[in-house]
K.L.:
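Below you'll find the structure I mean.
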Amino acid sequence: MTTESTGVLVCGGGPAGMMLGLLLARAGVEVTVLEKHADFLRDFRGDTVHASTIRLMDELGLGKKFRRLPQSRLGDLEAPLPDGSRIRLSDFASLPAPYNYVAMIPQWDLLDFLAAEAATEPTFTLRKNTPVTGLIKESGKIAGVRYRTREGAAGEIRAQLTVAADGRNSIIRKELGLAPKEYPVPFDTWWFRLPRHAGEQDEIARLAGEFKGDQIALSFTREDYYQIAYFTVKGADARLRAQGVERFRERIADVLPQYADRVDHIADMDDLHLLDVKLNRLKRWYADGVLLIGDAAHAMSPAGGMGINLAIQDAVAAATILAEPLQRHHVTTADLAKIQKRRWRPTVIVQTVQRMLHRTMFVPAFAGKGARPPRPLVFLARHLPAFKKFPSKLIAYGPRPEHAPDFARRTA
């Protein structure tokens with residue numbers, strides 16, 4: 001077994017892990033990121049990059065490069081009403097430019113971009129094909145991890161601090177024996193794509209919700225296709241798949257009639273990517289020698305598309321608070337507690353809003369009572385136009401947006 005050491009060991013090469021690795025490397029901290037896959041090419045992961053993250057890219061001196069990545073700008077959220085009309089529930093244009101939009105960008109492009117920028121720092125290392133298999137525990141403290149590469153080589157890496165950024169099914173969390181508090185979620189989500197026709201290529205990007213009976217769907221306009229989210233009652237995956245692709249095509253043509261002419265592009269049920277939606281959070285995000293951030297600490301619902309951005313905000317807060325203790329080689333649990341304290345309230349606020357949306361939109365739909373936007377939200381959006389700025393700002397920035405620490409800022 002090979003034994004190595006590093007300053008900070010980040011387990012998980014998702015948005016939180018890669019951002020934390022980049023920021024700490026810019027602070028001169030030796031940091032190693034372990035990613036279990038050979039690349040970042042997983043479809044239908046969080047692709048919404050909100051204004052808080054776009055502003056962060058500018059603060060890091062990466063804004064120009066970021067804007068050259070393949071992406072589309074997402075317009076305002078629209079929802080249907082029972083009388084057949086539609087209502088616009090947000091107004092991103094009312095936010096101060098240039099941070100008045102949400103970017104839709106394939107997550108693998110974002111992660112490749114962050115990895116390439118981090119690789120320019122001499123203290124950064126990215127190790128792919130390296131799944132974590134366990135923790136190294138010494139005298140009650142986490143001292144690193146054990147791993148086994150895809151080629152079968154076993155080893156261990158010791159670290160001053162281990163960070164779990166390995167998602168909602170975190171191995172680190174399981175090894176620590178931590179169980180998050182689970183909140184009920186009434187639905188799961190099936191993601192797939194449908195083509196955009198030639199005459200639709202100039203269409204303004206928008207996010208459109210469609211409700212019909214006990215079915216709910218969202219359509220995202222992407223650069224050359226439509227990304228579709230289909231929602232139905234939780235645990236229905238096996239039943240849906242057993243009904244076959246023809247029945248699923250009928251469902252989509254019913255709830256999204258504007259795309260009925262292209263549902264044949266769903267070749268089989270393997271084209272559907274299930275997201276087992278979870279909404280939870282740990283009571284404590286740290287132990288001696290280890291910190292949990294992002295979905296490992298708090299799994300978010302896809303409602304609002306805020307999970308990736310909250311995870312990145314966790315990473316920024318962690319880097320800001322930990323850079324100086326790491327440079328002194330003395331990180332305490334009190335330092336780790338500061339990170340949770342800083343990020344706890346934004347997490348609770350967003351999850352509370354998501355739980356409200358679940359209760360007011362999804363639960364009635366799956367109970368056969370029909371789905372519609374919350375009545376107070378519709379009333380305010382219709383009679384108080386300035387109100388639309390509130391949900392826009394909440395989605396764009398979150399309750400407590402973080403700024404790049406001074407040590408990580410660069411000029412473009």
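The basis for the numbers below is simple: all heavy atoms, side chains too, and nothing from hydrogens, waters or symmetry mates.
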K.L.:
Centre-to-centre under 6.0 Å for W191 and F220, is that the case here?
P.N.:
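Here the rings of F220 and W191 have centres that are less than 6.0 Å from each other.
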
K.L.:
Side chain to side chain donor-acceptor pair (under 3.5 Å) between H298 and Q351: does it pass, once the steps are laid out?
P.N.:
CA-CA 9 Å; H298 48 76; Q351 289 187 331; 5.2 Å; no

K.L.:
Heavy-atom distance under 4.5 Å between the side chains of K278 and N169, does that happen here?
P.N.:
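A side-chain contact exists here, since the closest heavy-atom pair is under 4.5 Å.
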
K.L.:
Does the R26 side chain pair with the main chain of L60, one donor and one acceptor, at a distance under 3.5 Å?
P.N.:
yes

K.L.:
Please report the shortest heavy-atom distance between L111 and G14, naming the atom on each side.
P.N.:
CD2-C, 3.5 Å

K.L.:
CG/L9 to CD/E30 distance, rounded to the nearest 0.5 angstrom?
P.N.:
10.5 Å

K.L.:
Would a distance-only check, ignoring hydrogens and angles, find a side-chain to backbone donor-acceptor pair under 3.5 Å from S392 to D91?
P.N.:
yes

K.L.:
Among R146, R158, E156, which residue satisfies the side chain to side chain donor-acceptor pair (under 3.5 Å) criterion with T3?
P.N.:
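Testing T3 for a side chain to side chain donor-acceptor pair (under 3.5 Å) against R146, R158, E156 leaves exactly one candidate, E156.
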
K.L.:
Is there a side chain to side chain donor-acceptor pair (under 3.5 Å) between T53 and N309 once you walk through the steps?
P.N.:
CA-CA 6 Å; T53 302; N309 300 278; 2.8 Å; yes

K.L.:
In terms of heavy-atom contacts, does NZ of K234 have more than 12 from other residues, nucleotides or ligands at under 6.0 Å?
P.N.:
yes

K.L.:
Compile the donor-acceptor pairs under 3.5 Å between side chains in residues 175-187 and protein atoms, sequence neighbours left out, one pair per line.
P.N.:
unit_1 : atom_1 : unit_2 : atom_2 : d
E182   : OE1    : N280   : ND2    : 3.3
E182   : OE2    : N280   : ND2    : 3.0
Y183   : OH     : R281   : NH2    : 2.9

K.L.:
Under a 3.5 Å cutoff, is there a donor and acceptor pairing between the side chains of D271 and H265?
P.N.:
no

K.L.:
Indicate yes or no: at least one non-hydrogen side-chain atom of Q313 is less than 4.5 angstrom from one of P346.
P.N.:
no

K.L.:
So does W344 get a backbone contact from the side chain of R400, meaning a donor-acceptor N/O pair under 3.5 Å?
P.N.:
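Pair absent, no side-chain N/O of R400 close to backbone of W344.
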
K.L.:
Do any N or O atoms from the side chain of R173 and from the backbone of R168 form a donor-acceptor pair under 3.5 angstrom?
P.N.:
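Side chain of R173 to backbone of R168, a donor-acceptor pair under 3.5 Å: yes, one is there.
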
K.L.:
Could you check whether D254 pairs with K212 (Lys NZ or Arg NE/NH1/NH2 to Asp/Glu carboxylate O, under 4.0 Å)?
P.N.:
yes

K.L.:
Tell me, please, which residues at least two apart from Y230 pass ring pair (Phe, Tyr, Trp, His ring centres under 6.0 Å).
P.N.:
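Partners of Y230 under the ring pair (Phe, Tyr, Trp, His ring centres under 6.0 Å) test: F248.
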
K.L.:
Which atom names give the shortest non-hydrogen contact between S94 and K389, and what distance separates them?
P.N.:
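Residues S94 and K389, closest heavy atoms: OG-CG, 3.5 Å.
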
K.L.:
If you measure from CD1 on I136 to CD1 on I142, what distance do you get to the nearest 0.5 Å?
P.N.:
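Separation between the atoms: 9.5 Å.
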
K.L.:
Could you walk me through whether Y397 and R55 pass the side chain to side chain donor-acceptor pair (under 3.5 Å) test, one step at a time?
P.N.:
CA-CA 9 Å; Y397 290 100; R55 184 178 65 186; 4.7 Å; no

K.L.:
Could you go step by step and tell me if V102 and R73 meet the side chain to side chain contact (heavy atoms under 4.5 Å, CB included) rule?
P.N.:
CA-CA 6 Å; V102 172; R73 294 191 176 193; over 6 Å; no

K.L.:
Flag the pair D58 and R67 as a salt bridge only when some basic side-chain nitrogen lies within less than 4.0 angstrom of an acidic carboxylate oxygen.
P.N.:
yes

K.L.:
Given side chain to side chain contact (heavy atoms under 4.5 Å, CB included), test L56 with I312 step by step and report yes or no.
P.N.:
CA-CA 10 Å; L56 176 65; I312 288 174; 3.7 Å; yes

K.L.:
With a 3.5 Å cut-off and sequence neighbours excluded, list the donor-acceptor pairs that the side chains of residues 404-412 form with protein atoms.
P.N.:
unit_1 : atom_1 : unit_2 : atom_2 : d
R409   : NE     : A404   : O      : 2.9
R409   : NH2    : A404   : O      : 3.1
R410   : NH1    : F407   : O      : 3.0

K.L.:
For K393, does the NZ atom sit with more than 12 other heavy atoms under 6.0 Å from it, leaving out its own atoms?
P.N.:
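12 or below, so no.
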
K.L.:
With no hydrogens and no angle check, is any side-chain donor or acceptor of R241 less than 3.5 Å from a backbone partner on M269?
P.N.:
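Present.
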
K.L.:
Would you say NZ of K338 has more than 12 non-hydrogen atoms from neighbouring residues, nucleotides or ligands within 6.0 angstrom?
P.N.:
no

K.L.:
Over 60° means perpendicular and under 30° means parallel, so tell me whether F362 and F366 are parallel, tilted or perpendicular.
P.N.:
tilted

K.L.:
Which atom names give the shortest non-hydrogen contact between D188 and G235, and what distance separates them?
P.N.:
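Taking every non-hydrogen atom into account, OD2-N, 3.1 Å.
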
K.L.:
When you measure from the side chain of T130 to the backbone N and O of K128, does any donor-acceptor pair fall under 3.5 Å?
P.N.:
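The answer is yes, because a donor-acceptor pair under 3.5 Å joins these two groups.
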
K.L.:
Does some side-chain heavy atom of Y101 sit less than 4.5 Å from a side-chain heavy atom of L95?
P.N.:
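No, every pair of side-chain atoms sits at 4.5 Å or beyond.
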
K.L.:
For the backbone of P401 and the side chain of S52, can you confirm whether one donor and one acceptor N or O come within less than 3.5 Å of each other?
P.N.:
no

K.L.:
Within a strict 4.5 Å, meaning less than it, do heavy atoms of the I395 and F92 side chains meet?
P.N.:
yes

K.L.:
Does the side chain of L24 come within less than 4.5 Å of L326's, by heavy atoms?
P.N.:
yes

K.L.:
Assess, by modelled atom type and distance only, whether the side chains of Y226 and R262 contain a donor and an acceptor separated by less than 3.5 Å.
P.N.:
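No, no side-chain donor-acceptor pair sits under 3.5 Å.
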
K.L.:
Mind listing the closest non-hydrogen atom pair of L336 and A287 along with its distance?
P.N.:
CD1-O, 3.4 Å

K.L.:
Is there a side-chain contact between M300 and V350, using heavy atoms and a 4.5 Å cut-off?
P.N.:
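Yes - at least one pair of side-chain heavy atoms lies under 4.5 Å apart.
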
K.L.:
Begin from the C-alpha positions of V132 and I172 and carry the test side chain to side chain contact (heavy atoms under 4.5 Å, CB included) through to its verdict.
P.N.:
CA-CA 8 Å; V132 172; I172 303 298; 3.9 Å; yes

K.L.:
Could you check whether any side-chain N or O of Q327 sits under 3.5 Å from a backbone N or O of A27, counting only pairs where one atom can act as donor and the other as acceptor?
P.N.:
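The answer is yes, because a donor-acceptor pair under 3.5 Å joins these two groups.
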
K.L.:
Run I105 and D47 through side chain to side chain contact (heavy atoms under 4.5 Å, CB included) and show every step you take.
P.N.:
CA-CA 5 Å; I105 178 170; D47 291 347; 5.8 Å; no

K.L.:
Look up atom CD1 in I157 and atom OG in S5, then write down how far apart they are to the nearest 0.5 Å.
P.N.:
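I157 CD1 to S5 OG: 9.0 Å, rounded to 0.5 Å.
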
K.L.:
What are the two closest heavy atoms between R249 and D264, and how far apart are they?
P.N.:
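Reported closest heavy-atom pair: NH2-O, 3.7 Å.
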
K.L.:
So how far is it from D261 CG to H197 NE2, rounded to the nearest 0.5 Å?
P.N.:
4.0 Å

K.L.:
Donor-acceptor pair, S170 side chain versus D166 backbone, under 3.5 Å?
P.N.:
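Not a single qualifying donor-acceptor pair exists.
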
K.L.:
Between Q71 (side chain) and L69 (backbone), is there a donor-acceptor pair under 3.5 Å?
P.N.:
yes

K.L.:
To check you understand the geometry: which heavy-atom pair defines the closest contact between A229 and T189, and what is its length?
P.N.:
CB-CG2, 3.8 Å

K.L.:
What I'd like to find out is whether the side chain of M104 reaches to under 4.5 Å of the side chain of V49, using heavy atoms alone.
P.N.:
no

K.L.:
Can you tell me how far apart CD1 (I266) and CG (L194) are? Round to the nearest 0.5 Å.
P.N.:
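I266 atom CD1 to L194 atom CG measures 5.0 Å (nearest 0.5 Å).
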
K.L.:
Drop me the distance from K341's NZ to W285's CH2, to the nearest 0.5 angstrom.
P.N.:
13.5 Å

K.L.:
On the ring face of Y225, is R196 found with NZ or CZ under 6.0 Å from the centre and within 45° of the axis?
P.N.:
no

K.L.:
Quick check: do V145 and T162 have side-chain heavy atoms less than 4.5 Å from each other?
P.N.:
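Touching, per the 4.5 Å side-chain cut-off.
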
